[in-house]
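Everything below concerns the one structure shown next.
Numbered from 1 within each chain, the chains take letters A, B, ... in sequence-line order. Scope of the values below: all heavy atoms of this structure, side chains included, with no hydrogens, waters or symmetry mates.
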Number of protein chains: 2
Amino acid sequence: MQEAIESREGRGRSRPRPASIRDVARLAGVSHQTVSRVLNGHPSIRDVTKARVLAAMDELQFRPSRAARMLSMRRSETIGVLAAAVGSHYGPASSVSAVEDAARERGYYATVAHLASVAPGAISAAIEDLLSQDVEGIVIVAPRTTVLSRLAALPMNVPIVAAQGEHRGTGGIPVASVNQEAGVRLLLGYLIGQGHKRILHVAGPPDWNDAQSRLRAYKAELSAAGLSWSPPLFGDWTADSGFEIGRALVQQAGRSSRADLPFTAVFSSNDQMALGLIHAFRAAGLDVPRDVSIVGFDDIPESAHFWPPLTTVRQDFSQLGARCVTMLIDAIRRLEDPDALPAEALAAAPVEPQLVIRDSVAPV
Amino acid sequence: MQEAIESREGRGRSRPRPASIRDVARLAGVSHQTVSRVLNGHPSIRDVTKARVLAAMDELQFRPSRAARMLSMRRSETIGVLAAAVGSHYGPASSVSAVEDAARERGYYATVAHLASVAPGAISAAIEDLLSQDVEGIVIVAPRTTVLSRLAALPMNVPIVAAQGEHRGTGGIPVASVNQEAGVRLLLGYLIGQGHKRILHVAGPPDWNDAQSRLRAYKAELSAAGLSWSPPLFGDWTADSGFEIGRALVQQAGRSSRADLPFTAVFSSNDQMALGLIHAFRAAGLDVPRDVSIVGFDDIPESAHFWPPLTTVRQDFSQLGARCVTMLIDAIRRLEDPDALPAEALAAAPVEPQLVIRDSVAPV
DNA sequence: CAGGCGATTGTTACCGGTAACATTCGTCTC
DNA sequence: GAGACGAATGTTACCGGTAACAATCGCCTG
């Protein structure tokens, strides 16, 4: 026995070839197909047979080869994730993890491609990379209009779903999203309720869908409330950019006294930029919220400990990720069997955000 | 033509089978092996032939099947990443991305398994998941002693490398790391240089390798400087936990005046907890850095905009990730050909961290 | 008791690549 | 001009699973 094993494993040089179902079959005294049946839980297998096969598998430390399964089933059971500039962004990063987890839960593997730039070359390279892994579908995270429109132009024969984007203008790519309008409404409603009338908006980069929705909602809400809105300032989501914008703001207001500021509150498109803004204001001798009120968006785990703790809106990214995966898998199923599911699954209800009131807003 | 394509694609029901190398071969009038050669850049192919094959590939929109390649080469060209509790942790999350990118650069695919808990079951399930994908090696990110020691006990026949852990006590798993001792020395040296003598340490969870190294280095540095150290307080890396600890600290000091505090500075094991500490101190009427100085670790992008901007130490996670991948791939190569590479690659020099001085420390 | 049927198992082919070896052909050498 | 050799290409087998169909067996039905 000892000897047999040693000789099977060879000595040193070449690694032992892992056991295949035929090896198991031989040891169990059945056909390889029977082994395959045991593997897949086929109903018509006698218990004794199954037990023998299982024992053989165990003895040989059998592990099915994914490659072989993929090849013969012509399915990879893998979905791809295209992540744009996830590095320092809390939301997108959370969404990616959520997608990975949700996929695993649904029996799929997930593989992610990071996008360093939005150059057409980089995008198609990333897609190419995913496709070369035979992914059955792709989830786009952190959608920017640039990415989405370029994607729509690419020849693709697998289903695609975007996380957190506009329903319009995505070139027909289905989208799962957190309700941005509702989030903005919550924030602005609160601000207005506290008496604020001149509310500035620091937006995210114009080509990000989220930034666009929030900006649009900002305008719409203020208009609806009979207030006027000022042209937004654009940051790049980082605290650094928020800081720069804040500095420019106080500089251009001249003296750093509350009366000089042409606004009483600023709505930042995410929490990090809000942090930068607060920093800039305070550095200029202004107090938040006494002199300026600030609200953010996302509710990153640190927001509660900003100074002052930030009033913001919470997005449930894991729910978002799960929803994307559901939609994508439905789409994949529909490819196999066109009338398997009602197409209305495409119009998933948006995830609802939640207002988190802390101390960065003062009544006016 | 039109017709031919339509009939090849069928109508509705069954998707067209993607072209294989034999389809390409037929169209180009060569053998499938010749197509394979073109695919792999074999030298002995006439230019005309190659051109014909390429044209055929293009016309059929040929894309090689990864599954088939994996199966026949018996290699997946994939490395796995085991990520523990990456969700809200900046460092681990950055490392994971870095590993993915580095892997891709080196021609490997990467697939990550998230660990929700450190229960033995969860760990082996995650490993099982990776192994079932035929990964050729595994990178462990965010190593905790719990995970590492349990891992060492698991039967595994692929190489493993851990990111950011202790070299000792990892059960022989090779480790790439940022030099934690150096980071702590930088920080503490600076603090001591500013005249601080009573320096408190808020540590990360005791079972995290990083937390352990920093704690150990904290004790060593202070002792070396002839100062005494107090028993550390343990947080869980979150700003929330830093806040709680800070609150307990001021409460137990009684009156909130500088004189009552048994320390003049606190060294937090990461930036988030430092943020929570600052929050707690300020909420108690203490000023940072006038009443207490604080330093963090990591240099997350937001640290520069904390109030006050945080003095901390920067870790280069992308370099760390790249180093892990290099080590892992070397190990994989060594498996194929035992004397391909010198084993000294195992002892990669640690990545050196960098002190970032901002405004959270005042001289005493 | 023949035919039928369901449960259980085996046989053979196939998925789409790569590896190893065979073949063909032109050219160079002696 | 025959043999050698290298370049270019073809043939066949194999990787480790699954699918489709066949075969065997026991028992039920008419």
Applied to residues 41-53 of chain A, the side chain to side chain donor-acceptor pair (under 3.5 Å) test, sequence neighbours excluded, yields none

With side chains defined as the heavy atoms from C-beta onward, is the minimum distance between Leu131(B) and Val158(B) less than 4.5 Å?
yes

Letter by letter from the 5' end, nucleotides 12-20 of chain C scores (B base, S sugar-phosphate only, - none; protein heavy atoms under 4.0 Å) B--BBBBBB

The side chain to side chain contact (heavy atoms under 4.5 Å, CB included) partners of Pro159(B) (sequence neighbours excluded) come to Leu328(B), Ala331(B), Ile332(B), Leu335(B)

- Message: With a cut-off of less than 4.0 Å, is there a side-chain N or O of Ser44(A) near OP1 or OP2 of dT8(C)?
- Response: yes

Angle separating the five-pair end axes of the helix from dC1(C)-dG30(D) to dC30(C)-dG1(D), nearest 10°, is 50°

- With no hydrogens and no angle check, do the side chains of Thr78(A) and Arg66(A) hold a donor and an acceptor under 3.5 Å apart? yes

Gln319(B) meets the side chain to side chain contact (heavy atoms under 4.5 Å, CB included) criterion, sequence neighbours left out, with Asp316(B), Arg323(B), Val351(B)

Quiz item: Side-chain N or O of Thr49(B) less than 4.0 angstrom from OP1 or OP2 on dT9(D)?
Solution: yes

With sequence neighbours left out, the residues meeting salt bridge (charged side-chain N to carboxylate O under 4.0 Å, His left out) with Arg104(B) are Asp129(A)

To the nearest angstrom, the CG-C1' distance between Asp47(B) and dT9(D) comes to 15 Å

Exercise. Can Tyr109(B) and Ser132(A) be counted as having a side-chain donor-acceptor contact under 3.5 angstrom?
Worked result: yes

- Query: Is the closest side-chain heavy-atom distance between Arg22(A) and Val35(A) below 4.5 Å?
  - Reply: no

